[in-house]
Amino acid sequence: MKTTLITGASRGIGLEFCRQYAAEGWRVIACCRHPEKSDALKKLAAQYPGKIKINALDVADHAQIEGLAKVLDDESPATGSIDLLINNAGIYPDSGKKGFGHTDYAEWMQAFRINTMAPLKMAETFARQIARSKQKTIVTITSKMGSIADNGGGGSYLYRTSKAAVNMVVKSLAIDLKPAGITAVVFHPGWVKTDMGGPGALISAEQSVSGIRQVIDRLTLADSGKFFGYDGQVIPW
Ligand SMILES: NC(=O)c1ccc[n+]([C@@H]2O[C@H](COP(=O)([O-])OP(=O)(O)OC[C@H]3O[C@@H](n4cnc5c(N)ncnc54)[C@H](OP(=O)(O)O)[C@@H]3O)[C@@H](O)[C@H]2O)c1
């Protein structure tokens, strides 16, 4: 049985990843900040007894990340391996802001903690468990808004820079982890109907995640360091 560890599993795209991988028979380590308040995730876990394990994880809390790795490591080597790490948790701190001239620098730092630093900390902490799995893959959910080539709209300084920076994190990860056989890529999930994307977005979480999963299924080490759309198209940096 393959294992995936998913951050930001309480709602939106993360919850949908849990749903689809559990339905396919994977073991899902579903991480969310507040398990007690994550009713949709608890309901999903009840539908797949023994498949979805809910863990408390704030990705900005490095001690908590290390604690989770220890818990998983203490289990048997078979269940302690992670085939697929999905760095999904993210924030969009620019909504409702006035843009240039009104930058909230404290919030910018928080966006970097969650959107940029956390995926690297997760990779650093779980690399050993990923390396001893079959699939050996790290997927990080970025955004086209982090593409410098695609920026025709300006603004959204906090989000855009945190996602552009995580793209660079993953490019370096792809190089550093290649000797361990680990594939690391970033995905733009599309404009998705979630709390972040809003009701006017173009696609459902179901469409986004099933597209991303199809691309993940075909990934090889030669793809490491690429920036994909949910439909498999390569996006310019
Ligand atoms: N929706 C879109 O159109 C779109 C487009 C491009 C990229 N993305 C990216 O896709 C990913 C998922 O977005 P979404 O649309 O599903 O957003 P969402 O509905 O707002 O969900 C965000 C998720 O991230 C979690 N999260 C936030 N801060 C966290 C922290 N410090 N530690 C752990 N979890 C945290 C939230 O947990 P709580 O429930 O505890 O708040 C929630 O589970 C994000 O990385 C986002 O940037 C989304």
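Each ligand, and each atom within it, is numbered from 1 in the order the structure gives. Note: hydrogens, waters and symmetry copies are ignored here, and every other heavy atom, side chains too, is used.
With ligand atoms numbered from 1 in the order given, ligand 1 contributes 27 (C), 28 (N) to contacts under 4.0 Å with heavy atoms of Ile91. Annotation for ligand 1: atoms under 4.0 Å from non-hydrogen atoms of Ser143 are 6 (C), 7 (C). Close contacts of ligand 1 with Asp195, meaning ligand atoms under 4.0 Å from a residue heavy atom, involve 19 (O). In the vicinity of Trp191, heavy-atom distances shorter than 4.0 Å reach the ligand 1 atoms 3 (O). Near Gly12, the atoms of ligand 1 lying under 4.0 angstrom from a non-hydrogen atom of the residue are 16 (O), 19 (O).
Counting heavy-atom neighbours within 6.0 Å of Lys144 NZ, excluding the residue itself, gives a total of 12 or less. Atom CD of Glu36 is surrounded by more than 12 heavy atoms from other residues, nucleotides or ligands within 6.0 Å. Residue Ile148 qualifies as open at atom CD1: its count of foreign heavy atoms under 6.0 Å is 12 or below.
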Audit row: Trp237, Phe227, ring pair (Phe, Tyr, Trp, His ring centres under 6.0 Å) steps and yes/no: CA-CA 7 Å; Trp237 297 112; Phe227 183 177; 5.3 Å; yes
Steps toward side chain to side chain contact (heavy atoms under 4.5 Å, CB included) verdict (Gln129, Ser133): CA-CA 7 Å; Gln129 280 140 314; Ser133 74; over 6 Å; no
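Atom 34 (N) of ligand 1 has Ala89 CB, 3.4 Å as its closest protein atom, hydrogens excluded (heavy atom only). Nearest protein heavy-atom neighbour of atom 17 (O) of ligand 1: Met196 CB, 3.4 Å. Ranking protein heavy atoms by distance to atom 3 (O) of ligand 1, first place goes to Val192 N, 2.8 Å. With respect to atom 37 (O) of ligand 1, the closest heavy atom belonging to the protein is Ser10 OG, 3.4 Å. Summary of contacts: the protein heavy atom closest to atom 7 (C) of ligand 1 is Thr142 O, 3.1 Å. Nearest protein heavy-atom contact of atom 5 (C) of ligand 1 is Gly190 O, 3.2 Å. Regarding atom 36 (C) of ligand 1, its nearest protein heavy-atom neighbour is Arg11 NH2, 3.7 Å.
Between Ile114, Ile141, Asn88, Leu57, it is Asn88 that holds the heavy atom closest to atom 44 (C) of ligand 1. With atom 27 (C) of ligand 1 as the reference point, the heavy atom nearest to it among Gly197, Gly8, Gly90, Pro119 is part of Gly90. Compare His188, Arg33, His34 by their heavy atoms: the one nearest to atom 41 (O) of ligand 1 is in Arg33. Of the listed options Val59, Leu41, Asn115, Val59 places a heavy atom closest to atom 32 (N) of ligand 1.
Ion pairing between Lys121 and Glu124 fails under the 4.0 Å rule for side-chain N and carboxylate O. With respect to Arg113 and Asp58, no salt bridge is recorded, no charged nitrogen being found less than 4.0 Å from a carboxylate O. A salt bridge does not link Asp217 with Arg213: none of the charged nitrogens is closer than 4.0 Å to a carboxylate oxygen.
Inclusion of Tyr159 in the set of residues having an N or O under 3.5 Å from an N or O of ligand 1 is warranted. Here's the thing with Asp58: one of its N/O atoms is less than 3.5 angstrom from an N/O atom of ligand 1. Among the atoms of Ile13, some N or O lies under 3.5 angstrom from an N or O of ligand 1. The shortest N or O to N or O distance between Thr194 and ligand 1 is below 3.5 Å.
Pro189 counts as a contact of ligand 1, since one of its heavy atoms falls under 4.0 Å from the ligand. The closest approach between a heavy atom of Ser38 and any atom of ligand 1 is not below 4.0 Å. At least one heavy atom of Lys163 sits closer than 4.0 Å to an atom of ligand 1.
Panel note: side chain Asn115, backbone Lys163; no donor-acceptor pair is recorded below 3.5 Å. Using a distance-only test at 3.5 Å, with no hydrogens or angles considered, a donor-acceptor pair links the side chain of Thr116 to the main chain of Ser162. Within the 3.5 Å criterion, the main-chain N or O of Asn88 finds a donor-acceptor partner in the side chain of Thr7.
Here the side chains of Ile13 and Val192 are in contact, with some heavy-atom distance below 4.5 Å. Contact check for Ile138 versus Phe126: no side-chain heavy atoms found under the 4.5 Å cut-off.
A donor-acceptor contact under 3.5 angstrom links the side chains of Gln20 and Glu16, judged on distance only.
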